[in-house]
Structures are given as structure tokens and as C-alpha cells.
Amino acid sequence: MGVVEKSAPALDDAAVIAAAEAALADIARVRKEIGTVIFGQQSVVEQTILAVLSGGHALLVGVPGLAKTKLVATLGVVLGLQDNRIQFTPDLMPSDILGSEVMDQDEAGKRSFRFVPGPIFTQLLMADEINRASPRTQSALLQAMQEYHVTVAGARHDLPKPFHVLATQNPLEQEGTYPLPEAQLDRFLMQVDVDYPDLEAERQVLLETTGIAEKQPVAILTASRLMDIQALVRRMPVSENVIDAILSLVRSARPGNGIDETDRHVAWGPGPRAGQAMMLAARARALYDGRLAPSVDDVHALAEPILQHRMALTFAARAEGMHIKDVITGLVNNARGG
């Protein structure tokens, strides 16, 4: 027996199947179009699309030159979203993102303030190299990412719908980077790690991107259609055993819950927002794969991108050369009984 969120009206089986089949066809067209521009990197493309289908934000982490920015720009075009790009630099100010109030004077000499919206007022915000800006400027995104509005000079300004932040981040070992605050990391539904392409994908990059003209993506969806698919994701039924698997995995990643490995190696673990992210992303992954309901396998497959930026290792674990991915792999193996 499935569980449906109270906020979403239940659909009968025939309506769910029809809506899911239509969504699946649209998602397949989106995947095909992105594949004409982004070569290889199937898991990166999948996870980024899942974050958007889930209505969330994604943090893409990798060294420069791996087409992170190009992927975000391509997604904006293919999904039919209005998009803006902000290049984060050490001298970037919060007002450069949110906007500011300017003083106007009319013909009679009367003065008044007028709000000039910043680039955050868009449907898809590309926050490029987000960790090169100061923590103060990074934090300017906090309210927008959670509440979908910003407050400037005491006045509330709502953001367009849908609103997604796809941020790129250079590895923290590089010079001139500032770690993102934990509160902001938690607002990213997923952290997507972007690795080097395999040989065949890199060969295709050389052949396709060094000629006279490069292939340009075209719009497949509209913003309205994307929101319809996002609403469908929230209506998909989730079985009790999948809910139990999510709760068990998320709670096992927190110290103090009787898991020896976690107690030894994890300084702090994921909060309830991780479970919410898992519920949405598991549904989206099922739809992405052409299924009408998520499985426990979806939960395990999503553990790393959803949990890794919501956990921190102890000093002793870092000194031993451990990585947070090692801990998550161990937790997933334990959950599988392996």
C-alpha cells in the first residue's frame, strides 16, 4: 500500500499511468537533446536532472574544464527556463545577487525608492564557482533557496516559479576558495561530483567541439510543463518499506544511533531535510527510469549525492585518510545486508 503526501490530491491508477507515460516521453526527449551537447557523464546528467525534477537545487563539484557550466546552460535551454549566470568572485556583494534600492526623483522633485531586481530573479540561476565568493555573499542565497523569496530593505520580493539554483564549485583544495556554510550546503538537494570523462566521451568532445560550428541545444519543455512533471513526482506513491529504508539510512548516518562506524568517524550527520530530499529524488529516479513507484534500490543509489554534503568526518577519521564516501558506502552495504 502506497503513501501519498497530504498536500497532493490522489489520482486514480489510470490517470497516474497516463501522466507518468507522458512525463517519461518528455524526459526521454530531454535526455536525448542534452546528449547531443554533453558527451558521456551519464550519472552527472541524471543526478542533475533528478534534482530539478524533485524541485530542488544541485551543487556540481569538480575541477575546472569538465563542462559543469555548459551542462547548466544546456539544461536551462532544454527545460525552457529563463536563466541567469552569476560568476562568483571574492569582491561580489550580496546586492550584486539580490538587487538593491535606488532613489528616483520625479518631475515635481519628489523622491522615492525603487527596487531594482538582481540576477537572482530568474527561473534557473547558475551560481558559477560559488565557493570563490566570501561567506557573506554566499549566504545571500540562503533565504531564496529555502523560502523562494528575498527580503531587501525590509520588503519581500517573490522569485519566479519554478526557481532552481545549480551551483558549480571547485574542489576546496584549490586556492582562493571558501567552504560553503553548513546551512547552505543542506539546502542543496544533491551534491553531484563531476569526474573526468572516459576515453570515448573525451574523443567525442575533441571531434565535436573543435570544428567550425558546435551543436546548439533546443528547448524541449516549457517552464509550465516542468512544473507539471514536478507535481507528478510529488504524487507518486511511496511504499512503507521504502520510507523505512530512507529513515534507517539517514538515521544511521548520525552519531549516537548505535552504529559503531558512524560514532567513530562522523562528527555530525544529516538532518530531516536529507530524508525529504531522498523521498523526492527516489520518486524522480523511478520516473526517470520509467517506473511508477520508487524502490529501496533507488534509496541506496541516491545515498551518496544526497548525504555526502550533509555529513562531516571527525578529525581522527580525516587524519586516517578516510573520506565521507567511504562511510556512506559502508552504511549502504550494511543496509543491503552485505
Side-chain angles (χ1 to χ4, degrees), residues 1-8 10-11 13 16-17 19-21 23-24 27-28 31 42-56 58 186 188-193 229-263 265-266 269-311 323-338:
M1 184 68 181
V3 177
V4 178
E5 290 185 1
K6 294 180 180 178
S7 58
L11 298 178
D13 290 344
V16 169
I17 292 171
E21 287 178 347
L24 178 61
I27 292 170
R31 294 167 65 178
Q42 281 89 355
S43 66
V44 173
V45 172
E46 175 184 335
Q47 290 174 16
T48 308
I49 293 176
L50 292 185
V52 174
L53 293 180
S54 302
D186 196 32
F188 285 103
L189 187 130
M190 284 190 193
Q191 176 180 316
V192 181
D193 290 338
I229 297 175
Q230 291 171 339
L232 174 65
V233 168
R234 285 182 171 268
R235 289 190 179 101
M236 292 175 68
V238 183
S239 63
E240 289 292 345
N241 67 318
V242 171
I243 294 174
D244 290 342
I246 293 172
L247 288 170
S248 175
L249 183 61
V250 170
R251 293 176 68 84
S252 71
R254 301 172 189 159
N257 278 302
I259 309 295
D260 289 341
E261 185 180 7
T262 302
D263 291 341
H265 300 137
V266 178
R273 197 178 275 129
Q276 294 172 317
M278 190 78 77
M279 278 279 279
L280 289 168
R283 289 161 161 159
R285 188 173 189 267
L287 190 62
Y288 190 86
D289 285 346
R291 291 175 281 115
L292 297 179
S295 68
V296 174
D297 286 341
D298 292 315
V299 175
H300 295 158
L302 292 165
E304 187 177 296
I306 286 179
L307 296 180
Q308 63 176 327
H309 58 297
R310 295 182 164 99
M311 301 169 64
H323 194 282
I324 203 69
K325 293 181 180 180
D326 301 326
V327 177
I328 295 172
T329 299
L331 295 174
V332 170
N333 288 337
N334 289 339
R336 286 174 171 155

Indicate yes or no: at least one non-hydrogen side-chain atom of Q191 is less than 4.5 angstrom from one of R310.
no
Report the distance from atom CG of L24 to atom CG of L292, rounding to the nearest 0.5 Å.
9.5 Å
Set out, in order, the CA-CA distance, both residues' side-chain angles and the distance that settles side chain to side chain contact (heavy atoms under 4.5 Å, CB included) for D326 and H265, then state yes or no.
CA-CA 10 Å; D326 301 326; H265 300 137; over 6 Å; no
Looking at every non-hydrogen atom in both residues, tell me the closest pair between P305 and Q47 and how far apart they are.
CB-OE1, 3.7 Å
Does a donor on one side chain sit under 3.5 Å from an acceptor on the other, for N241 and S239?
yes
Apply side chain to side chain contact (heavy atoms under 4.5 Å, CB included) to the pair L331 and L307, showing each step before the final yes or no.
CA-CA 11 Å; L331 295 174; L307 296 180; 5.6 Å; no
Show the nearest heavy-atom pair for residues M278 and L249, with the distance to one decimal.
CE-CD2, 4.0 Å
Determine whether R254 and V266 make a side-chain contact, defined as any pair of heavy atoms from C-beta on separated by less than 4.5 Å.
no
Let's go through V332 and R336 carefully: what are the C-alpha distance in whole Å and the side-chain angles of both, what is the deciding distance for side chain to side chain contact (heavy atoms under 4.5 Å, CB included) to 0.1 Å, and is it a yes or a no?
CA-CA 6 Å; V332 170; R336 286 174 171 155; 3.7 Å; yes
For the atom pair NE2 (H300) and CD1 (I246), what is the distance rounded to the nearest 0.5 Å?
10.0 Å
Spacing of CD1 belonging to I306 relative to OG belonging to S54, to within rounding of 0.5 Å
7.5 Å
Side chain to side chain contact (heavy atoms under 4.5 Å, CB included) between H309 and I324: does it pass, once the steps are laid out?
CA-CA 9 Å; H309 58 297; I324 203 69; over 6 Å; no
Write down the atom of V327, the atom of E261, and the distance for their closest heavy-atom approach.
CA-OE2, 4.2 Å
Within-4.5 Å side-chain heavy-atom neighbours: P294 and V238:
yes
I'd like to check D298 versus R291 (side-chain heavy atoms, cut-off strictly below 4.5 Å). Are they in contact?
yes
Counterpart residues, side chain to side chain contact (heavy atoms under 4.5 Å, CB included), relative to I49 (two or more places apart)
V30, R31, I34, V45, L53, L75, Y288
Min side-chain heavy-atom separation L189-Q276 under 4.5 Å:
no
dist T329:OG1 -> Q308:CD (nearest 0.5 Å) comes out at 10.0 Å
Do side-chain atoms of D263 reach the backbone of P255 as a donor and acceptor pair under 3.5 angstrom?
no
Distance (rounded to the nearest 0.5 Å) between K325 NZ and I328 CD1:
9.0 Å
Check whether S252 reaches the backbone of S248 with its side chain - one donor and one acceptor, N or O, closer than 3.5 Å.
yes
Side chain proximity check, D289 to R285, heavy atoms < 4.5 angstrom
yes
Distance, nearest 0.5 Å, that separates CD of E304 from CE of M190
11.5 Å
Below 4.5 Å, heavy atoms only, C-beta onward: do R283 and L287 meet side chain to side chain?
no
When every non-hydrogen atom of I229 is compared with those of A23, the smallest separation belongs to CG1-CB, 4.1 Å
Any side-chain heavy atom of Q230 sitting closer than 4.5 Å to one from V52?
yes
